[in-house]
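First up is the structure itself, then whatever we jot down about it.
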Amino acid sequence: MGNVASEAPPSHTDLRGAIKALEDQLANAPRSVRPYEHAAICYRLGLAYAESPVDSREGNLRKALACFDTAAGIFDPRFDPVEHARVLNAAGAVHRALGDRRKAAELFEKAGALFEGRERDDERAAALNNLGLVRAELGEIEPAVAAFDTAADLFDTSSPDGRRGRVATLHNRGQAHAALGTEDGLEAALADYEFAQADLDADEAPYHYGLMHHSVGVACSALANLRPAERTRLLEEAVAAFEESLTVFTRLGFPFQHALAKHNLGLAHAALGAAHGGAGTEQGLLHLRRALASFEDGVALLDTRVHADAWKQAFASLSRVEQDLEAVFPGKTRAAHFAALLASVDDKEMGRLLRERLLGLLVLPEPRRRSVVAEAAMAVAQLGREPAERIIEAELRFLIEQPTEFQDVGMRGRFDGHQQLHGEEREEADRALDVAIGEALQGPQRILVRDFFYSIGWERP
């Protein structure tokens, strides 16, 4: 399942222009002369400040609060309850962003009360959902769940927005239950996620779909630690849930979420590896190599400048698994472990893992790109002729569908990798490539690929 297309975010210039236009409108609608128009513009300007990434984040939030304070002072809750409630809800979100959760909770609660009985169920639900979130952040789980309970029943599920709102609220309620860290809390969380999926359409709300399955995986992983007798089953369910989340959280569409899901998938595989006896057993080794591959993918996507803590955690996980493998296979590289993983799994999993890894390598900058592609190619070639043929066939089928640049880099990397081998090992690798070209490609494509390899110096064995 692919990601839905989304509009490009507005540029900083557009945002500055929108804010400047609202500031001009505000100046032309004096409070003393046109108070309600002044209040409405203040509200919109406050939203614009709060959402703007331009300049100082805290400074923008403070400006937003000033606007909301002005608007709230004009919209009288006795005569303009809906407008006043909207301003309170927006102000609550800003106080939450600034870290003042108590004030945020107070405002969300007031907003929810003002919306009640005014045919604004979706807006009341949104305010109560916000209240539940901030209560949960304060550690007040029971009041948080109560707010989510009320909110979930208010959304109109006949509309896509209403369904998404209900799904998000049920997910948030599950998160609150899971935060208890108890068996009962985690079971309640899984029940919430199951309820949410009744209103969840993967095509209509792909982000929510990915998030829900990721949360199922986290809950199953946590529950596995509390139920030793069911540990393996729960970890396998966690793996399935994380993999499903990754059908939406792709490395290009949602890079941070992809990295997070990969890290948690790696943790689940590492735990399964330990449960199956570690690197000294066939099943344990398979899971540890899957864990290593997942951690590598996650670490590669995290920017140490932006996601420093997440990167450190992911790299620490990668290092632990690498040490476990090193104890049994001293000196074996990550590329060699990945090649061995490809050779150990069925065609479907092998194809998926290979595509993901190649997509990650082919977008790297030069000269690193060519060297790591060559290292991966050499590791596959060193597996021996039969497993290498199978993997190179899948590699060529993938490459032939890619842009010309990726085809060139991938095939040059294959050639470079073979160049680093010698004697019989080199001859067997070239024979595997020759057979793979014949098996993977047809007619003109086969001729095209052979001609390319000939042009860069390859000699057919």
Side-chain angles (χ1 to χ4, degrees), residues 1-7 9 40 43-44 47 50-51 75 77 80-93 96 104-105 107-136 143-178 187-217 219 241 244-245 247-249 253-254 257:
M1 180 182 60
N3 297 318
V4 294
S6 59
E7 295 182 2
Y43 171 63
R44 299 205 313 272
L47 293 176
E51 295 170 3
F75 290 134
D80 314 295
V82 171
E83 291 79 4
H84 190 84
R86 287 172 181 161
V87 173
L88 294 184
N89 191 44
R96 181 183 175 214
L107 295 178
F108 291 142
E109 196 161 22
K110 288 180 179 178
L114 284 171
F115 281 129
E116 186 173 6
R118 303 185 193 280
E119 299 183 356
R120 292 290 189 276
D121 282 354
D122 280 359
E123 290 186 88
R124 182 176 176 231
L128 291 175
N129 181 53
N130 287 338
L131 176 61
L133 286 170
V134 78
R135 291 287 188 210
V145 168
F148 291 135
D149 286 344
T150 304
D153 292 336
L154 290 170
F155 286 104
D156 178 7
T157 55
S158 66
S159 72
D161 284 345
R163 286 192 292 274
R164 281 191 290 267
R166 177 174 166 81
V167 165
T169 298
L170 290 173
H171 175 262
N172 291 337
R173 189 172 75 184
Q175 296 278 278
H177 279 133
E187 285 285 6
L190 288 171
D192 285 333
Y193 303 148
E194 186 175 353
F195 292 148
Q197 290 183 56
D199 293 307
L200 185 57
D201 185 306
D203 294 323
E204 183 178 87
Y207 179 82
H208 291 85
Y209 183 88
L211 186 62
M212 193 68 64
H213 283 281
H214 183 265
S215 295
V216 169
E244 188 63 26
S245 77
T247 63
V248 171
F249 292 155
F254 298 93
Q257 289 82 359

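With sequence neighbours excluded, the residues forming a salt bridge (Lys or Arg N to Asp or Glu O under 4.0 Å) with Arg86 are Glu123, listed by chain and number. Looking at residues two or more places apart in sequence or on another chain, you find no side chain to side chain donor-acceptor pair (under 3.5 Å) involving His84.
To the nearest 0.5 angstrom, Phe155 atom CZ is 11.0 Å from Asp199 atom CG. For the atom pair Gln257 CD and Phe249 CZ, the distance stands at 5.5 Å (nearest 0.5 Å). Atom CG of Asp149 sits about 9.0 Å away from atom CG of Leu170, to the nearest 0.5 Å. Rounded to the nearest 0.5 Å, atoms CZ (Arg166) and CG (Leu154) are 10.0 Å apart.
Scanning both residues, Ala104 and Gly92, for their nearest heavy atoms gives CB-O, 3.3 Å. Across Ala136 and Ala176, no two heavy atoms sit closer than the pair CB-CB, 4.3 Å. In terms of heavy atoms, Phe75 sits closest to Ala40 at CZ-N, 3.8 Å. Here the shortest heavy-atom pairing between Ala189 and Gly174 reads CB-O, 3.2 Å. Of all heavy-atom pairs between Asp122 and Asp156, the closest is OD1-N, 3.4 Å. For Asn89 against Ala127, the heavy-atom pair with the smallest separation is OD1-CA, 3.5 Å.
Side chains of Leu133 and Arg96 form a contact here, defined as non-hydrogen atoms less than 4.5 Å apart. Using a 4.5 Å heavy-atom cutoff, the side chains of Tyr193 and Gln175 are in contact. Inter-residue side-chain proximity for Arg163 and Asp201 is flagged as unmet; no heavy-atom pair is nearer than 4.5 Å. Counting heavy atoms from C-beta outward, Leu128 and Leu131 have side chains that approach closer than 4.5 Å.
Judged by distance alone, with hydrogens and angles left aside, the side-chain atoms of Asn172 form a donor-acceptor pair with the main-chain N or O of Ala168 at under 3.5 Å. Formation of a donor-acceptor pair under 3.5 Å by the Arg173 side chain with backbone atoms of Val145 is not found in this model.
Residues Glu204 and Tyr209 have side chains that never bring a donor and an acceptor to within less than 3.5 angstrom of each other. For the residue pair Ser159 and Asp161, no side-chain donor N or O sits within less than 3.5 Å of a side-chain acceptor on the partner.
Relative orientation of the Phe254 and Tyr207 rings is tilted, given thresholds of 30° and 60° on the angle between their planes.
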Would you give me the side-chain donor-acceptor pairs under 3.5 Å for residues 107-116, sequence neighbours excluded?
{"from": "Glu109", "atom 1": "OE1", "to": "Arg135", "atom 2": "NH2", "distance (Å)": "3.3"}
{"from": "Lys110", "atom 1": "NZ", "to": "Glu106", "atom 2": "OE2", "distance (Å)": "3.1"}

inquiry  = Could you walk me through whether Gln197 and Met212 satisfy the side-chain contact (heavy atoms from CB on, under 4.5 Å) test, starting with their C-alpha distance in whole Å, then the side-chain angles of each, then the deciding distance to 0.1 Å, before giving a yes or no?
reply    = CA-CA 8 Å; Gln197 290 183 56; Met212 193 68 64; 4.0 Å; yes
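Taking the charged nitrogens against the carboxylate oxygens, Arg124 and Asp121 have no contact shorter than 4.0 Å, which rules out a salt bridge.
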